[in-house]
Amino acid sequence: MIRTLLARISQGHRTMLWPDGPAPALAERYRGLPTIDAGRCPEACRACADVCPTEAISFSAGKPAIDLGRCLFCPECEAACPEKAISFTRDYRLAVRSRDDLRLDGAALPLAKALDAKLLSLFGRSLKLRQVSAGGCNACEADVNVLGTIGWDLGRFGIQVVASPRHADGLLITGPVTKNMELALKKTWDAVPPPKIVIAVGACAISGGPYYDRPEQLGGAASVVPVDLFVPGCPPHPLTILDGLLRLLGKLEDEGRVAPR
Amino acid sequence: MTAAVFSRTRNGSALPLAKVPVVPFDSFRGALLGELAEGRRLVAFFAAPEPGAAAALWAVLADDGPGTLGVARTVLEDDGFPSLTPAAPQAHLFEREMAEQLGLRPQGHPWLKPVRYRPSWRPGHDAWGRSEGEPILPAVGDFFRVEGHEVHEVAVGPVHAGVIEPGHFRFQCHGERVFHLEIALGFQHRGVEESLLGGPHRQTTARIETLAGDTTIGHATAWAQAVEALSARSAPPRAQAMRGIALELERLANHAGDLGALAGDVGFLPTASFCGRLRGDFLNMTALLCGNRFGRGLVRPGGTLVDLDEALAAELGRRLEETMKDLRGAAELLFGAATVLARFEATGRVDPATAESLGLVGPAARACGIDQDVRRDHPTGIYRFTHVPVMTAHDGDVNARAFVRWLEAQRSYDFVKAQLASLPKGSIRAGEKPIRPEHVAVSLVEGWRGEVCHVAVTDAEGRFARYKVVDPSFHNWMGLAMALRNEEISDFPLCNKSFNLSYCGHDL
């Protein structure tokens, strides 16, 4: 017992203060929200689009646009661009409410707005999620799991991952939705009592990610269920996922933490 | 090794196909069974499309003592061939896989079921006689059944209670006691191997890095080594050292996470809490290197994409030391608690003979006293210059698998500290060179779960005629099934965690 107490003292208090205090430090080389300065693009240059592993970059009228739903936040486009027209910032806020919002062409990313008043009154202070991995590589799963550790302590926001769909208010889906998981995902969705929500975490769950053109998968969660929150990344940083969840629950807005009602 | 059949090579080397003669199937089978009986290991056994024939069969054997590998191939004119599995259990899942992928029929295979529940790559050739377009449902089909008074069956999954990948587990029980566990996977199947045919493509690196997300560095290093071997170049020493650092950080993160998860499964909350946080701290060190917590965007054929400057190396060293101090505290608390040992010891035992015959790898094998580790036996890159002591235990139980992880974490820490203190100078990436046509390269890496194996075969244009991936989980899932025999079903989560195998790495 005494050894346990000593270990407890030595390990210290580890739960972060964010969002009431500073956000945990992100690595210097962390790649968050990309920016595009189309004015720098040389005539007819497609270097970024040519190297993108998921064909996330498209051109219209000579200007590049990035589909953040497909983007793996890998360093390839930034490295290939001869004019530094594309670069990754360290902005971790990436979650949106609609798939179309993820098409980034220079305008600001419309970050997720809160659920409507009725759903907020139901889920705002207590949200139970059932997690379904449907072809996920275990990186998104790991960084969702991390939110349950003492550092992040997801429970302090009333959010909890539960062991049965019948105890859940919604699903948190990772993976491109393999054909072999389609039925299991549908059945899990059907078992969640309405009203219910869906959160798609990671490039795979939004668009199929690196597997976007494979016939063995369906191209993300929205192919099977309606999605309420899209969290881009490969995988998204835990901070990105939590930021999205808190925005969805109306606990966080651009101005900062929303005081509890 | 039988020289007329097996061509000798080494880890991270390529052979021209002309040096790997196509031998008749009978010689191939005879030599392979002979070598396995003499203690060689089957690291890969797979089929490749072969124009004008049913398929080509390839086998790669490891001779761990002298550190050599043997490659052999044969061509099958017909779909049927006598199975090797009855004589060599290591081949069991490989044969199921080739039956599913190429529609081959290993005759006499004791349990010929699909692996990933997908259609054959060769339309019109199906090992189970299914017609084209017939829906294939995962985990639907025969399961081994025990009949008798009060015997009952428990089915779990594919969706599990935690944040975990999907798989189906079918237990045959008598009361609480498990007579048999059958594991049906394939739910995560994304078609990776088929998509690599004809590559490399623009998507290839991203698929390699997500083969098994928690083994990004392990698989990316195996991929880089394979391509380097095929294109006759090698990564600069500085890049090799950085890859080694990243591989050991990956091991530290996962081993720390596993110790915490094992603690959680026996209700020992202090270590469970501490290690959950510590795992993240190790992942953050990988992010320090390359911006991504899982090491994406770091390892590339020819070297690495980013360098490690002195300030960063110092910061990494400082964080490593601090985190290791806390991990030591968490681990000592765990292994010093009688209540934990009472649950860990003698639970989920795999005996060494079973482990050997199934060809288990990694900590699961070393926990049974099998002294094998790619880093020592088939070293490449930085491991040729810096040796990592191989850690074994002997009881083959949950405790042994947990303790081997803790011992390995300490050795990984020593290794990373030493590397940070003496990083080779110079560039981080060798120049591009074309992939040579008609070659075969074997690339092994000791990932945190065990041996990661990639085998690349190129065609006349230098494209992949076959790119075989063997995740360590492919060898080890049957080990988990064996560990459950005669255990209580309530110990399944603990046993499962002590292996912590990859679903997507198996399902590909």
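Remember, predicted model here, so these are calculated numbers, not experimental data. Because only heavy atoms are used, hydrogens play no part in the values below, and waters and symmetry mates are left out as well, while side chains stay in. Each chain gets a letter, A, B and so on, in the order its sequence line appears, and its residues count up from 1.
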A.B. asks: With side chains defined as the heavy atoms from C-beta onward, is the minimum distance between A:Glu28 and B:Leu312 less than 4.5 Å?
C.D. replies: no
A.B. asks: Tell me, out of A:Asp143, A:Thr4, A:Val51, who's got the most heavy-atom pairs with chain B below 4.5 Å.
C.D. replies: A:Asp143
A.B. asks: Taking the side chain as every heavy atom from C-beta outward, state whether B:Ile164 and A:Ser133 have any pair of such atoms under 4.5 Å apart.
C.D. replies: no
A.B. asks: Chain A heavy atoms under 4.5 Å from B:Glu209: which part of the residue, side chain, backbone, both or neither?
C.D. replies: neither
A.B. asks: Filter on side chain to side chain donor-acceptor pair (under 3.5 Å), then keep only pairs touching residues 154-167 of chain A, sequence neighbours left out; what's left?
C.D. replies: A:Lys128-A:Gln160
A.B. asks: May I ask you to test the A:Pro235-B:Arg296 pair for a side-chain heavy-atom distance under 4.5 Å?
C.D. replies: yes
A.B. asks: Taking C-beta and beyond as the side chain, do B:Arg207 and A:Arg214 meet within less than 4.5 Å on heavy atoms?
C.D. replies: yes
A.B. asks: Which region of B:Phe294, side chain (C-beta onward) or backbone (N, CA, C, O), has a non-hydrogen atom less than 4.5 Å from a non-hydrogen atom of chain A, or is it both or neither?
C.D. replies: side chain
A.B. asks: If we define contacts as heavy-atom pairs under 4.5 Å, which of B:Pro166, B:Gly329, B:Ala212, B:Gly297 has the most with chain A?
C.D. replies: B:Pro166
A.B. asks: Would you mind checking which part of B:Ala337 comes under 4.5 Å of any heavy atom in chain A, side chain (CB onward), backbone (N, CA, C, O), both or neither?
C.D. replies: neither
A.B. asks: Please look at B:Arg293 and chain A and tell me whether the side chain, the backbone, both or neither of the residue comes under 4.5 angstrom of a heavy atom of that chain.
C.D. replies: side chain
A.B. asks: Any ion pair linking B:Asp326 and A:Arg8 (charged N to carboxylate O, less than 4.0 Å)?
C.D. replies: no
A.B. asks: Check whether B:His201 gets within reach of chain A through its side chain, its backbone, both or neither, counting any heavy atom under 4.5 Å.
C.D. replies: neither
A.B. asks: At a 4.5 Å cut-off on heavy atoms, which part of A:Glu141 comes close to chain B: side chain, backbone, both, or neither?
C.D. replies: both
A.B. asks: Would you mind checking which part of B:Leu137 comes under 4.5 Å of any heavy atom in chain A, side chain (CB onward), backbone (N, CA, C, O), both or neither?
C.D. replies: neither
A.B. asks: Could you have a look at B:His189, B:Arg116, B:Arg277 and say which one has the most heavy-atom pairs with chain A under 4.5 angstrom?
C.D. replies: B:Arg277
A.B. asks: Against B:Val163, only a single residue in A:Thr174, A:Asn138, A:Asn145 fulfils side-chain contact (heavy atoms from CB on, under 4.5 Å); can you say which?
C.D. replies: A:Asn145
A.B. asks: Give the C-alpha distance, both sets of side-chain angles, the deciding distance and a yes or no for salt bridge (charged side-chain N to carboxylate O under 4.0 Å, His left out) between A:Arg14 and B:Asp281.
C.D. replies: CA-CA 12 Å; A:Arg14 296 288 180 169; B:Asp281 287 352; 5.2 Å; no
A.B. asks: Looking at B:Pro119, B:Gly191, B:Gly276, which has the largest count of heavy-atom pairs under 4.5 Å with chain A?
C.D. replies: B:Gly191
A.B. asks: Could you tell me which portion of A:Ala79 (side chain, backbone, both or neither) has an atom closer than 4.5 angstrom to a non-hydrogen atom of chain B?
C.D. replies: neither
A.B. asks: I'd like to know which of B:Gly291, B:Gly157, B:Gly162 tops the heavy-atom pair count under 4.5 Å against chain A.
C.D. replies: B:Gly291
A.B. asks: So does B:Glu310 have more than 12 non-hydrogen atoms from other groups sitting under 6.0 Å from CD?
C.D. replies: no
A.B. asks: With rounding to the nearest 0.5 angstrom, report the CE to CZ distance, A:Met181 to B:Phe187.
C.D. replies: 7.5 Å
A.B. asks: Quick one: what part of A:Arg130 sits under 4.5 Å from any heavy atom of chain B, side chain, backbone, both or neither?
C.D. replies: side chain
A.B. asks: Just do the salt bridge (charged side-chain N to carboxylate O under 4.0 Å, His left out) check on A:Glu76 and B:Arg202 with the steps written out, would you?
C.D. replies: CA-CA 11 Å; A:Glu76 304 290 348; B:Arg202 61 153 67 184; over 6 Å; no
A.B. asks: Are A:Asn180 and B:Gln188 packed together at the side-chain level, in the sense that at least one heavy-atom pair is separated by less than 4.5 angstrom?
C.D. replies: no
A.B. asks: Supply the atom-to-atom distance B:Asp507 CG to A:Cys137 SG, rounded to the nearest 0.5 angstrom.
C.D. replies: 13.0 Å
A.B. asks: Measuring heavy-atom distances to chain B, does A:Val177 have an atom under 4.5 Å in its side chain, in its backbone, in both, or in neither?
C.D. replies: neither
A.B. asks: Which atoms of A:Cys234 come close to chain B, meaning under 4.5 Å heavy atom to heavy atom: side chain ones, backbone ones, both, or neither?
C.D. replies: both
A.B. asks: For residues B:Ser195 and A:Tyr211, is any side-chain donor paired with an opposing acceptor at under 3.5 Å?
C.D. replies: no
A.B. asks: Measure the spacing between CZ of A:Phe73 and CG of B:Asn292 and express it to the nearest 0.5 Å.
C.D. replies: 11.0 Å
A.B. asks: Going by residue number, which parts of residues 299-309 of chain B are within reach of chain A, meaning a heavy-atom gap below 4.5 Å?
C.D. replies: B:Arg300, B:Leu305, B:Val306, B:Asp307
A.B. asks: Heavy-atom pairs under 4.5 Å with chain A - which of B:Cys275, B:Ala139, B:Cys290 has more of them than the others?
C.D. replies: B:Cys290
A.B. asks: Return the option, out of B:Leu288, B:Ile136, B:Val159, with the maximum number of heavy-atom pairs under 4.5 Å with chain A.
C.D. replies: B:Val159
A.B. asks: Can you measure from SG (A:Cys52) to CD (B:Gln203) and round to the nearest 0.5 angstrom?
C.D. replies: 9.5 Å
